[in-house]
Protein chains: 2
Amino acid sequence: MTARTEVGLNAVILAVSDQQPRVLTVDPEQLPEIPDALGPGIKGSGLAALPSGPFDPAQDRTLELALRNWVQWQTKTDIGYVEQLYTFADQGRDPRERLGGPRVLSVAYLALIKEGTVDVAHSRWQDCYAFLPWEDWRGGKPEAIEELAAALEGWIGADGRANRRQRRERVEICFGFGDAGWDGYQVLERYELLYEAGLVSEYWLDLGDPKPRGPVFGAPMAYDHRRILATGLGRIRGKLRYRPVVFELIERDFTLMGLQHVVEALSGLRLHKQNFRRLVERSGLVEGTGRLDNRTGGRPAELFRFRREVLRERRAPGVGALAGPRAD
Amino acid sequence: MTARTEVGLNAVILAVSDQQPRVLTVDPEQLPEIPDALGPGIKGSGLAALPSGPFDPAQDRTLELALRNWVQWQTKTDIGYVEQLYTFADQGRDPRERLGGPRVLSVAYLALIKEGTVDVAHSRWQDCYAFLPWEDWRGGKPEAIEELAAALEGWIGADGRANRRQRRERVEICFGFGDAGWDGYQVLERYELLYEAGLVSEYWLDLGDPKPRGPVFGAPMAYDHRRILATGLGRIRGKLRYRPVVFELIERDFTLMGLQHVVEALSGLRLHKQNFRRLVERSGLVEGTGRLDNRTGGRPAELFRFRREVLRERRAPGVGALAGPRAD
DNA sequence: TACATTTATGCTCAAAGTGAGTATTAGTAG
DNA sequence: CTACTAATACTCACTTTGAGCATAAATGTA
């Protein structure tokens, strides 16, 4: 006898504007399916949630079509790039289960759009790094990181001697405290570590205890949505390197500096301008249009355009940002 | 009103032996849940299927645990490395739907094990390249590829003039016929292209027509399992590059040649021996044990071992096979 | 024992790619 | 005309890669 399972869809809809990565969030208080009984943990908490929609096997031929349809309907925008992220089904991930609701399995998608086009009631763009502040290294080591390291040190010490070594090892791998240095791709691993260590408030919410007993980091999201966001950010960072996906996030004509800012925003790293330029030009991903952008304040920048043909010519390499030239 | 959805799990269980990548398959005739009414398309066809199991929300706390449990139960082996691949839910992907069955959503996983330990009734190891013969370039251009190119040319020509260009472009990207050259990672893209072009027999089976009208390539699998296999092979090829996953597939002690053979088997490429050695040694992924393997036939090879510590020290790079040194 | 054979391992070298600068150019604002 | 700003160009040491040649340590055979 198989108990009930319900299938939903979640979307991490990313855009970049003003050199910040943005994620589209909705206010869960506006979502009709959340019963009031769940109390301050969800409703009334003002927590941001990712937009989500149902998967109806009677209507929807494929998951991706279902997603496209309701995102289109909710945001009045065509999303270009869509990719399946991960399927979440852990017990207890949806608090409605506690009220006798069905097990909710969510298939999460990543969507990339050009910001500005979207403006919907009950939804807004928020800075991704508000939720994951330790991920933004563009201004050097994030402020939060020292405090975070201390809190993690506490967590390491809170275990028996035997496990401390393992915990320390994991912390060092995730946050690059060892010889390894920072690895921008391990976004999810870091979030999950912080969750386990009780350093994000979702940990306490899931325990049914809205008051964290100790420091917590970053703005929380409803349900496990911050975990999903972390999955999405990690994915886009990885993808940047080997697929030309940045171009989904910018206008058709752009300056190389503009392109670099988008890459920096997503990767959370500052890049070396001249080398970035060399990398992008030599990759053959772009072509100059001959026209100039003179809103720069200094010498005008040439406007470039993505060469769609590269998909045919080469191995469509992406801008190699994270592996590529750092710092300025 | 939401129609019924059932959630299942599929596993692409990979191993490497005798320099061949193997996938664990079961005989779908032995699966009780397949009704006879489905006829020659599935039952009695002798088609191989991927092992699959149910997800029962009443029992299973997480998808991964559910998967581990029934794989353990079916194969009597602990699988070490497990990773979620993709969730498949397209309408019509399970032929039981046609008989009024529920929509079946499958969460597919990739598992890596050391072969030899598994021996279960109704299941056997099969060569991955039996199903995807065009993916094996170790002996140079696969034989099938010329015939395949001709068949694809036919498909291109079968469309109206306007679409031909697009079709040709897609074929060139996928199979590297253009300037691009072969890209080992696009396993799924290639399978999907062949499916669309009617060049795999699943296309005809799904049409309800068991006799293909034209050439088809590779051994078929039941349902959409060959697509899932392609997803898995593509994933492991990608992962090889940047995570030290090969070591999940080999014994604790190994020679560098043995390691190379495993990488070659999965990547489908022949590598340059001396450079592979240099790459692996310099990566710090392995350490010599001082002991020798003298079953080589020539000079004995030193036995190496994976250094688990690297996970802490560096960015755990993987053997960079595909990007790395080719040919011999 | 000397020697061919086989495979492992070591070394070299040119070409390409990368990190980190300095230098020059073409605008704007005063 | 000049100071300032940002874009673009060029340089240079260093590392990584692709490809091959050379040597080492086993085996089997004349």
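Given the structure is predicted, the values throughout are model-derived calculations rather than measurements. Below, chain A is the first sequence line, B the second, and so on; all start at residue 1.
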### Task
Could you tell me whether A/Arg278 contacts a base, only the sugar-phosphate backbone, or nothing, with contacts defined as non-hydrogen atoms closer than 4.0 Å?
base
### Summary
Atom CD of A/Glu302 and atom C1' of C/dG27 are separated, to the nearest Å, by 15 Å
### Distance, rounded to the nearest Å, where A/Gln260 contributes CD and D/dA6 contributes C1'
12 Å
### Message
Once you measure the plane-to-plane angle for B/Phe306 and B/Phe247, does it fall in the parallel (<30°), tilted (30-60°) or perpendicular (>60°) bin?
### Response
parallel
### Task
May I ask you to test the A/Val246-A/Leu259 pair for a side-chain heavy-atom distance under 4.5 Å?
yes
### Worked check of side-chain hydrogen bond (donor to acceptor under 3.5 Å, both in side chains) between A/Tyr185 and A/Arg241
CA-CA 11 Å; A/Tyr185 302 107; A/Arg241 224 187 352 183; 3.1 Å; yes
### Summary
Protein heavy-atom contacts under 4.0 Å, written 5' to 3' over nucleotides 24-30 of chain D as B (base), S (sugar-phosphate only) or - (none), form the string BBS----
### Query
Would you say A/Glu281 has more than 12 foreign heavy atoms packed within less than 6.0 Å of its CD?
yes
### Message
So, under a plain 3.5 Å distance rule, would you say the side chain of B/Gln274 forms a donor-acceptor pair with the base of C/dT12?
### Response
no
### Query
Mind checking what makes side chain to side chain donor-acceptor pair (under 3.5 Å) contact with B/Glu189, not counting sequence neighbours?
none
### Summary
note: A/His272, atom NE2; C/dG17, atom C1'; distance rounded to Å ~ 15 Å
### Task
From the options D/dT8, C/dG19, C/dT7, select the nucleotide whose nearest atom is closest to the side chain of A/Asn275.
C/dG19
## Note on the structure
With the side chain defined as heavy atoms from C-beta on, A/Thr296 is closest, among D/dT8, D/dT17, D/dA6, to D/dA6
### Query
Nearest-Å distance, CZ (A/Phe276) to P (D/dC10)?
20 Å
#### Entry: Distance in angstrom units between A/Leu303 CG and D/dA6 C1', rounded
15 Å
### Query
Rounded to the nearest Å, what distance is computed from the CG atom of residue B/Leu269 to the P atom of nucleotide D/dG18?
12 Å
## Note on the structure
In whole angstroms, the gap separating P of C/dA26 from CE of A/Met257 amounts to 20 Å
#### Entry: Whole-Å distance separating the CD atom of A/Glu281 from the P atom of D/dC10
11 Å
### Message
Taking salt bridge (Lys or Arg N to Asp or Glu O under 4.0 Å) as the cut-off, I'd like each qualifying pair that reaches into residues 244-254 of chain A, sequence neighbours left out, listed once.
### Response
A/Asp253-A/Arg291, A/Asp253-A/Arg305
### Query
Do other residues, nucleotides or ligands put more than 12 heavy atoms under 6.0 Å from A/Glu287 CD?
yes
